[in-house]
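All remarks here apply to the structure that follows.
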Amino acid sequence: MQNDLKKRTVLAALIVAAIIVVYAKIFVWSMALFENRDVTFPQALQVVVESLTTSGYGGFSPWESDFLNYFVLIMNLTGVLLVFIAFPVFFLPFLKGALEKSPPTKVIKRNHVIICTYSSHAEVLIKELVSRNQDYVIVESREETAIALLRSGMEVMLGDPERESTLEAAGLTQAKTVVLNSTTDKNISIVFSIRNSHKTIKIIAVLEDEEKEKYYKMAGVDTTISPRQLIGKSLAAQVPAISIKNSVEIDSTVELIEIDIEDGSELSNQSIGEAHLLEKYHLNIIGAWQNGEFRSPVPIDLILKPKIRLLVAGDREELDRLNKKAEATIRHFTRKMVLIVGYGLSGKAAFEALKTKSIEVKVIDIQEKKGVHVVGDIRKTETLLEAGVSEASAMIITIQDDTMALFATLLARNMNSKMHIIVRANNIGNVKKLYHAGADYVQSLATVSARMLASNIFEDETSLAAEKRINLLQLSAGRLSGTTLAKSNVRAETGCTILAVIRKGEKISTLDPKTFRFQDQDEVIIAGTDESIRQFEEMYIY
């Protein structure tokens, strides 16, 4: 930015100097020709400067010739014009730069997370860190990006993370973890710089390509995460009527699973209260996804509309019973066909998850490569027709460009209104747009990455799954001792759901809200969002 300002300053000075010299020569020539008066070049310079600054004309005025009068008027207007141009182009940026706070090149922190460098993954991770009161600093080599991050209120310092001096300035020896979030070549270079100064600090790297993992391990990275592969498997799990287990086991009998409410099912268009879910099935409803938004806790009057997804904990047999009620009463068991759009890391992972099922899978990609069945632009009708979009039961879109994904979603929804459309969003800001375009389920790559990173940074906490915004933790019952679930009303007060109690090493998962009483030394297994868990800790532990 400073270099750009210097260039503009020099250019502006040269233009003004050129105008003054040209005008001075014209003045000398015109005075001799039209006024019959000899003027030296220094005298002409004085007149031009006085005209441009509108400060006076000395003893040379008035002029008898029209040419000189018009010329002086032109010089006046030029001066005014230069002021209007100079202010926004030069003075305003200069003043703005002088008043703006510059990003630091050194920070003093302890037990913090160093993030090299900024990206959409880092943006969501920072929200996770802030929600846990975890200090951090972003090391950013691009000055304009660092300034923008500083303006937005983020902790950032300017410097090249490949340099040992920069890492030392970021407080490497006092840091908790380093997160690598750049290209493979740059990440490996940063690892060597880190290990030269600090042999034991934990390093976590985000992989763009799972095949490069071995190089990271050889360089000295402790943990690698591959969000693109994970999100591909996760998207495959959203395909309806395909048995892909997607649950987290709490013990041998209790599980945490997602249940889709299908159109035409017994539960469809009833509220949770009207369906008597809690009384009939003895389950805990942790939360619900609706139009891309996660709600937790779930109100009893929530209408179970089609495509709502419930996150439920309970006995495995009870969950099976509920799942059957959520299925459509009339289901056509025909051979399904799923279209996968984009055959990158996510697309390949989705294909691997689906290829063993009793369905047909077709892959569409813009480039011809091994494993691709249809080559073409997904935004064109003929590409979808060739792939058989009208016969498809589901489409998984995993392409790099969110704008292209929006067009593809719109077109696919127009050509097959009943198809289940599942989309990967590369930018978290495009999630709602994709839902508006007609997607049934959208998952953000940045969110998946951030959840995976958070799970590895906070080793004392167990994340339910990277793609969910719910944590599963075992904590002390604290001030719950002596009370019952009904009396404490934990769910309403904090938003957390108590799934089980550990007492003297034994797990108790059947909890009667009115009669079960917490005791000293009890520990609870709770499920909830970051915010609700923090609320629980503040109310009952700290």
Given the rule in the salt bridge (charged side-chain N to carboxylate O under 4.0 Å, His left out) test, do E155 and K109 qualify, once you have shown the distances and angles that lead to the verdict? CA-CA 11 Å; E155 297 287 331; K109 294 177 180 287; 3.3 Å; yes
Decide side-chain contact (heavy atoms from CB on, under 4.5 Å) for L180 and V191; before the verdict, give the C-alpha distance in whole Å, the side-chain angles of both, and the deciding distance to 0.1 Å. CA-CA 8 Å; L180 305 181; V191 173; 3.2 Å; yes
Please determine, by modelled atom types, if E162 and S189 share a side-chain donor-acceptor pair under 3.5 angstrom. yes
Output, in order, the C-alpha distance, side-chain angles, deciding distance and verdict of side-chain hydrogen bond (donor to acceptor under 3.5 Å, both in side chains) for S182 and N187. CA-CA 6 Å; S182 189; N187 281 344; 4.6 Å; no
Any donor-acceptor pair under 3.5 Å from Y435 side chain to V442 backbone: yes
Closest contact, heavy atoms only, I364 versus V372: C-CG1, 4.4 Å
Please confirm whether the backbone N or O of F351 pairs with a side-chain atom of K355, one donor and one acceptor, at under 3.5 Å? no
Hey, does the side chain of Y441 reach the backbone of V423 with a donor-acceptor pair shorter than 3.5 angstrom? no
By salt bridge (charged side-chain N to carboxylate O under 4.0 Å, His left out), R517 pairs with (sequence neighbours left out) none
Grab the two heavy atoms, one from E140 and one from T117, that are nearest each other, plus how far apart they are. OE1-CB, 3.7 Å
D402 side chain to N430 main-chain N or O, any donor-acceptor pair under 3.5 Å? no
Assess whether a salt bridge exists between K348 and D365, defined as any Lys/Arg side-chain N lying under 4.0 Å from an Asp/Glu carboxylate O. no
Only residue of T173, I194, V178, D160 satisfying side-chain contact (heavy atoms from CB on, under 4.5 Å) with L167 is I194
